[in-house]
**Q** 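Next up is a structure, given as structure tokens.
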Amino acid sequence: MHALHARLPKNFVLEERLEHYRDAIELDPASWRGRWAEGCWPGIGALPAGSSYQRFREVRLDLGCGKGAFVVESARREPDVLFVGVDAEPICVAYAAQHVCESGLANAVIVPGNGLRVREFFSPGELSRIHLNFPTPFPRKRDAEKRMARMERLMDFRHVLADGGEVILRTDSQPLFDFMLTQVPLAGYELLWQSRDARAERPGGPSSEYEERLGAQGAKVLALAATPGPEPAHPVQTAELSLAAYLPHDLDALSEIGYAPHGMEATVENLRNRALRESGRR
């Protein structure tokens, strides 16, 4: 999930919310490993009356689902696809489960957890698509191992993706996006498409609450889709891990950004100040 932490409103009792909306929460996801498409548990397997299908056509994962806006809208558009939203923050799990329950949709479920456990939750080839919607960038080198958008996670994802499956990243962070472009080939993936203004170039898709909020602040959505190619025998991380290295270093280019990527505001300001100092010495 993007590093925009949900704030508790007045009279919000987390335990009560989680209990009230428990029908949309799967607390033992590993028990459904290899069986998600059958959707055979209360609240998720209740297919629409007169439905001709006996199992969900596909299973898709929203990794870091936040408050569930993307999961619910996606599920509404494709009722024969099961959407699994995973988030590590209990507050987000509570909000997302509430969103699912109030939508009345039978093809969405929320799972507490994180991307490090995808191979525990899903069997080989079980997922047709993994969405990374505004993942936390973790810009510092020492925190890089926590990123979901990196070679090591892509290597994990290839074990649970079906043939022709996709990983789709959407982010406001130009440094994270450019870093991900280095990770795709390192993990043996093929880039299907990329956009540096996805809201304009690929409109009409479901949006997360983070995309709406950050878009209102002037952020552009950078997005890409990649699919696993031949698996590298010995993948080695060769990219620069600090996201500061992917920022432009001249003042004019920094001014053109207009919007500082979330989590990197201080870095951008420092670079701008350094550029101003250097220009003053000339």
**Q** Could you list the residues that satisfy ring pair (Phe, Tyr, Trp, His ring centres under 6.0 Å) with F177, not counting sequence neighbours?
**A**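 Ring pair (Phe, Tyr, Trp, His ring centres under 6.0 Å) list for F177, sorted by chain: empty.
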
**Q** Got a second to check how far H20's NE2 is from Q98's CD, nearest 0.5 Å?
**A**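 H20 atom NE2 to Q98 atom CD measures 7.5 Å (nearest 0.5 Å).
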
**Q** How long is the span from the OG atom in S74 to the CZ atom in R76, to the nearest 0.5 Å?
**A**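 Separation between the atoms: 10.0 Å.
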
**Q** Could you list the residues that satisfy side-chain hydrogen bond (donor to acceptor under 3.5 Å, both in side chains) with R119, not counting sequence neighbours?
**A**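 Applying side-chain hydrogen bond (donor to acceptor under 3.5 Å, both in side chains) to R119 gives none.
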
**Q** Keeping to residues at least two apart or across chains, list the ring-ring contact (aromatic ring centres under 6.0 Å, His included) pairs with something in residues 137-176.
**A**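 Non-adjacent pairs meeting ring-ring contact (aromatic ring centres under 6.0 Å, His included): zero.
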
**Q** At what distance, to the nearest 0.5 angstrom, does CD of E126 lie from CG of L82?
**A**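 Answer rounded to 0.5 Å: 9.0 Å.
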
**Q** Would you please name every residue forming a side-chain hydrogen bond (donor to acceptor under 3.5 Å, both in side chains) with T182, sequence neighbours left out?
**A**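 Result, side-chain hydrogen bond (donor to acceptor under 3.5 Å, both in side chains) vs T182: none returned.
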
**Q** Any pair with a residue in residues 223-236 that passes side-chain hydrogen bond (donor to acceptor under 3.5 Å, both in side chains), sequence neighbours left out, goes on the list, sorted by first then second residue, please.
**A**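 Output for this query is empty, none listed.
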
**Q** Remaining members of M151's ILVMFWY cluster at a side-chain heavy-atom cut-off under 4.5 Å?
**A**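 Listed partners: M155, L186.
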
**Q** How far apart are the closest heavy atoms of D156 and V118, and which atoms are they?
**A**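 In terms of heavy atoms, the two residues are closest at CB-CG2, 4.3 Å.
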
**Q** Does S208 reach the main-chain N or O of E211 with its side chain, forming a donor-acceptor pair under 3.5 Å?
**A**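 Side chain of S208 to backbone of E211: a pair is present.
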
**Q** Looking only at non-hydrogen atoms, find the nearest pair between N114 and V86 and report the distance.
**A**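 For N114 versus V86, the nearest heavy atoms are N-CG1, 3.8 Å.
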
**Q** Donor-acceptor pair, Y246 side chain versus E240 backbone, under 3.5 Å?
**A**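 Yes, the answer is positive, given that a donor and an acceptor are paired below the 3.5 Å cut-off.
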
**Q** If only atom types and distance count, is the side chain of Y189 paired as donor or acceptor with the main-chain N or O of R158 below 3.5 Å?
**A**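 Here the side-chain-to-backbone pair exists.
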
**Q** Work out which heavy atom in M148 is nearest to a heavy atom in G115; give both atom names and the distance.
**A**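 Looks like SD-CA, 3.5 Å.
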
**Q** Taking all non-hydrogen atoms of both residues, which atom of A75 and which atom of N107 are closest, and how far apart?
**A**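 Between these two residues, the closest heavy atoms are O-ND2, 3.0 Å.
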
**Q** Between R196 and D178, does any NZ, NE, NH1 or NH2 come within less than 4.0 Å of an OD or OE carboxylate oxygen?
**A**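 Answer for the salt bridge query: yes.
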
**Q** Determine whether a donor-acceptor pair (N or O, by modelled atom type, separation under 3.5 Å) exists between the side chain of R147 and the backbone of L241.
**A**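 Checking the backbone N and O of L241 against the side chain of R147, a donor-acceptor pair under 3.5 Å is found.
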
**Q** Does any N or O in the side chain of R60 come within less than 3.5 Å of the main-chain N or O of H131, such that one atom is a donor and the other an acceptor?
**A**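 Judged by distance alone, no pair lies under 3.5 Å.
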
**Q** Is there a donor-acceptor pair closer than 3.5 Å between any side-chain N or O of W36 and the backbone N or O of F121?
**A**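 Yes, W36 side chain to F121 backbone: donor-acceptor pair under 3.5 Å.
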
**Q** Please round to the nearest 0.5 Å and tell me the distance separating atom CG of L243 and atom CZ of R140.
**A**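 It is 11.5 Å, given to the nearest 0.5 Å.
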
**Q** Between E190 (side chain) and L192 (backbone), is there a donor-acceptor pair under 3.5 Å?
**A**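 Answer holds: no.
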
**Q** Any luck finding a side-chain donor-acceptor pair between E152 and Q183 under 3.5 Å?
**A**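 E152 vs Q183: no donor-acceptor pair found between side chains.
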
**Q** Do the side chain of R150 and the main chain of K146 share a donor and acceptor less than 3.5 angstrom apart?
**A**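 Not confirmed, R150 side chain does not pair with K146 backbone.
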
**Q** Might you confirm whether atom CD of E145 has over 12 heavy atoms from other residues, nucleotides or ligands at distances under 6.0 Å?
**A**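 Atom CD in E145 is not packed in, count stays at 12 or less.
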
**Q** Cation-pi check, R170 to F70: give yes when NZ or CZ is under 6.0 Å from the six-membered ring centre and within 45° of the ring axis, no otherwise.
**A**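 Not flagged: R170 not positioned over aromatic ring of F70.
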
**Q** List the atom of A200, the atom of P203, and the distance in Å for their closest heavy-atom pair.
**A**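 Here A200 and P203 meet closest at O-CD, 3.6 Å.
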
**Q** Would the distance check show the side chain of E26 and the main-chain N or O of D28 forming a donor-acceptor pair, the cut-off being under 3.5 Å?
**A**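 Yes; at least one donor-acceptor contact below 3.5 Å.
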
